Novice: 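Once you've had a glance at the structure underneath, I'll fire off some questions.
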Protein chains: 2
Amino acid sequence: MRKSDKHLRFMDFANGNAKTYQYHKEDKVLLAVDCIIFGFDEEDLKILLIKRGFEPEMGKWSLVGGFLQKQETLETAATRILNLYTGLDNIYMEQVATFSEVDRDPVERTISTAYYALINIEEHNQKLNKQFSANWFSVAKAPKLIFDHDKMIQHALKRLRNRAATQPIGFELLPEKFTMRQLQKLYEAIWDTQLDKRNFINKIRSLNILEKLDEKDKTSSRKGSFLYQFDPQKYQSEEGKPFVLNF
Amino acid sequence: MRKSDKHLRFMDFANGNAKTYQYHKEDKVLLAVDCIIFGFDEEDLKILLIKRGFEPEMGKWSLVGGFLQKQETLETAATRILNLYTGLDNIYMEQVATFSEVDRDPVERTISTAYYALINIEEHNQKLNKQFSANWFSVAKAPKLIFDHDKMIQHALKRLRNRAATQPIGFELLPEKFTMRQLQKLYEAIWDTQLDKRNFINKIRSLNILEKLDEKDKTSSRKGSFLYQFDPQKYQSEEGKPFVLNF
DNA sequence: ATTTGCAAGTGTAGTTTTAACACTTATTCT
DNA sequence: AGAATAAGTGTTAAAACTACACTTGCAAAT
């Protein structure tokens, strides 16, 4: 490996009082960003994967990702990558962790920081999707992915499950207006569990963060079900209780 | 910035069916590891800081850290750094997050992954400590640190507070044998809160993960207080209940 | 016009968990 | 023997949680 970049580095300081320094050729590495893009299709929690169109591992499924560019923060890079593959801006995302196994990328030492993102599948730009051979997979039925991407997904899923219980982020996965049934199915999908609808609605209502609209969604039943909307103002204000869902 | 390392990179694939590839000169960066070392002194939650003996920011306080070397994972590097500054092995640690603001290090673009670690201050090797001008500071009273280290600590603290509520990691900060009072003070320090000792001991006992010893600690009272020990076997087994402390 | 089918919508009671609270005990020092 | 000190212990009221089943509103079919 080449070593030519210089960086001031502390050396041999532990070994006495003399303060000695030395320019040291540090090992620079490639930094990548991989995104776990979650969506929800009224039934399952899904992730957006692409079929790699380049080597190594061409033709296999992988997370969407890219390399960090020198003027970017990781957040900026993740935003760029998310926009590239979904056509969307203002996507909710959070850093998950950084993966650094020496041989995780067989071509060259690459360290990758994973971000998870939540998007509303409806809004997702199908055009870009097709161009990249992208596909939504149920988390449970996803194919085996390249490198350590499966591990990344497991980490992201764990984080999502935790966040969903303490932050009102579920709404990021739903259309602006949604029914209680949708909301319940979403949390059932995230936690892979079954919830009682009476207990669910009681808990949600007690949080005081939703606005019940006069509109109904008629697609799923003759009676129709009322639509709700997350109200960030209520959530921030006194009336909104701390968001905690511990079913 | 030098660009000479080649890496296969996907280019121009979105723009049609033709699959074109190109070697691209990626931007490599320096990767650092910074460690938030927590300790507990029977009263306060503390962090180990060092007075920097080299530029930039010589003389200011900072987290302990170092650069990732090419054959290392981040975990390996963190382990190495922790051992260097504390003399200890088998330290409990967990990755917190990676910080990537472009100008976080004024000398050169450096991206840093933070780890938090929990150690028993008693076991901490004072010798190495002094050589590095290291000092324990109460989290609340710590000096202003260099770069974005304060931000790192806030992240780490948040993580620690969460973990402490759902994983039996508090014991990492205590001697092997400890009193209920110590344990309670520890959690009070972590969460910066006051707990009722009767409720505390009842909850802890209900978890069934501690062994009560016949020994007493006589240093803090005439009566003496019984010593307890965390029993990982109980915790793993049926009798150990899921560790959840929600005071 | 009436009936039927379907999912939406609603309330309660028993149980468990939490929170608040004060006195007794064991020991040492004087 | 008495005083001083921190350790150790249990109960009760309130809140949260869990389990559980029938009614409503609407539209389609008859």
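Keep in mind that this is a model prediction, so the values were computed, not measured.
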Novice: Please state how far atom CG in B:Leu195 lies from atom P in C:dA19, giving the value in whole angstrom units.
Specialist: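 Roughly 10 Å, once rounded to whole Å.
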Novice: If only side-chain N and O atoms of A:Lys218 are considered, is one of them under 4.0 Å from the OP1 or OP2 phosphate oxygen of D:dA27?
Specialist: yes
Novice: Considering heavy-atom distances to DNA chain C, does A:Ser225 or A:Asp196 have its closest nucleotide positioned more toward the 5' end?
Specialist: A:Ser225
Novice: In whole angstrom, what separates A:Arg181's CZ from C:dT10's P?
Specialist: 15 Å
Novice: Between B:Lys197 and B:Asn246, which is nearer to the 5' end of DNA chain C once each is assigned its nearest nucleotide?
Specialist: B:Asn246
Novice: May I have the distance from B:Phe247 (atom CZ) to C:dT17 (atom C1'), rounded to whole angstrom?
Specialist: 12 Å
Novice: Looking at CD1 of A:Ile37 and CG of A:Asp34, how far apart are the two atoms once the value is rounded to the nearest 0.5 Å?
Specialist: 10.5 Å
Novice: Does NZ or CZ of A:Lys203 come closer than 6.0 Å to the centre of the six-membered ring of A:Phe247, within 45° of the ring's axis?
Specialist: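 Yes, A:Lys203 sits over the ring of A:Phe247.
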Novice: Could you state the CD1-P distance from B:Ile201 to C:dT18, rounded to the nearest angstrom?
Specialist: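 Value for this atom pair: 17 Å.
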Novice: Kindly say whether, by distance alone, the side chain of B:Arg222 makes a donor-acceptor pair under 3.5 Å with the base of D:dA4?
Specialist: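 Flag set: donor-acceptor pair detected.
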Novice: Quick one: A:Arg198 CZ to D:dA21 C1', roughly how many Å, whole number?
Specialist: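 After rounding, the reported distance stands at 6 Å.
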Novice: Between the base of C:dA26 and the side chain of B:Lys223, is there a donor and acceptor pair under 3.5 angstrom?
Specialist: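 No.
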Novice: Under the salt bridge (Lys or Arg N to Asp or Glu O under 4.0 Å) rule, what do B:Asp196 and B:Arg198 come out as? Steps first, then yes or no, please.
Specialist: CA-CA 6 Å; B:Asp196 176 276; B:Arg198 283 160 294 186; 3.5 Å; yes
Novice: Does D:dG25 have OP1 or OP2 sitting under 4.0 Å from an N or O in the side chain of A:Ser221?
Specialist: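 It does not, given that no N or O in the side chain of A:Ser221 lies less than 4.0 Å from OP1 or OP2 of D:dG25.
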Novice: Start with the C-alpha gap between A:Phe200 and A:Tyr187, add the side-chain angles, then the distance that decides, and say whether side-chain contact (heavy atoms from CB on, under 4.5 Å) holds.
Specialist: CA-CA 10 Å; A:Phe200 181 79; A:Tyr187 283 104; 3.9 Å; yes
Novice: Is it the case that the side chain of A:Lys212 and the backbone of A:Phe226 share a donor-acceptor pair, with hydrogens and angles ignored and the cut-off at 3.5 Å?
Specialist: no
Novice: CZ of B:Phe226 versus C1' of D:dA7: gap in Å, rounded?
Specialist: 10 Å
Novice: Using a cut-off of under 3.5 Å, enumerate the N/O to N/O pairs linking the protein to nucleotides 11-15 of chain D.
Specialist:
none

Novice: Ring pair (Phe, Tyr, Trp, His ring centres under 6.0 Å) with A:His124: which of A:Tyr85, A:Trp136, A:Phe40?
Specialist: A:Trp136
Novice: If you find the nucleotide of DNA chain D closest to A:Gly224 and the one closest to A:Lys203, which residue's nucleotide is nearer the 5' end?
Specialist: A:Lys203
Novice: Between P on D:dC17 and CD1 on A:Ile204, what's the gap in Å once rounded to a whole number?
Specialist: 12 Å
Novice: Can you see if the side chain of A:Arg205 gets near the phosphate of C:dT10 - specifically, an N or O under 4.0 Å from OP1 or OP2?
Specialist: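 Yes, A:Arg205 has a side-chain N/O under 4.0 Å of OP1/OP2 on C:dT10.
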Novice: If I compare all heavy atoms of A:Gln229 with all of A:Glu176, which pair ends up nearest, and what's the gap?
Specialist: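 The answer is NE2-OE2, 2.9 Å.
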Novice: Could you tell me how far apart B:Asp217 (CG) and C:dT27 (P) are, to the nearest whole angstrom?
Specialist: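 Going from B:Asp217 (CG) to C:dT27 (P), I get 14 Å.
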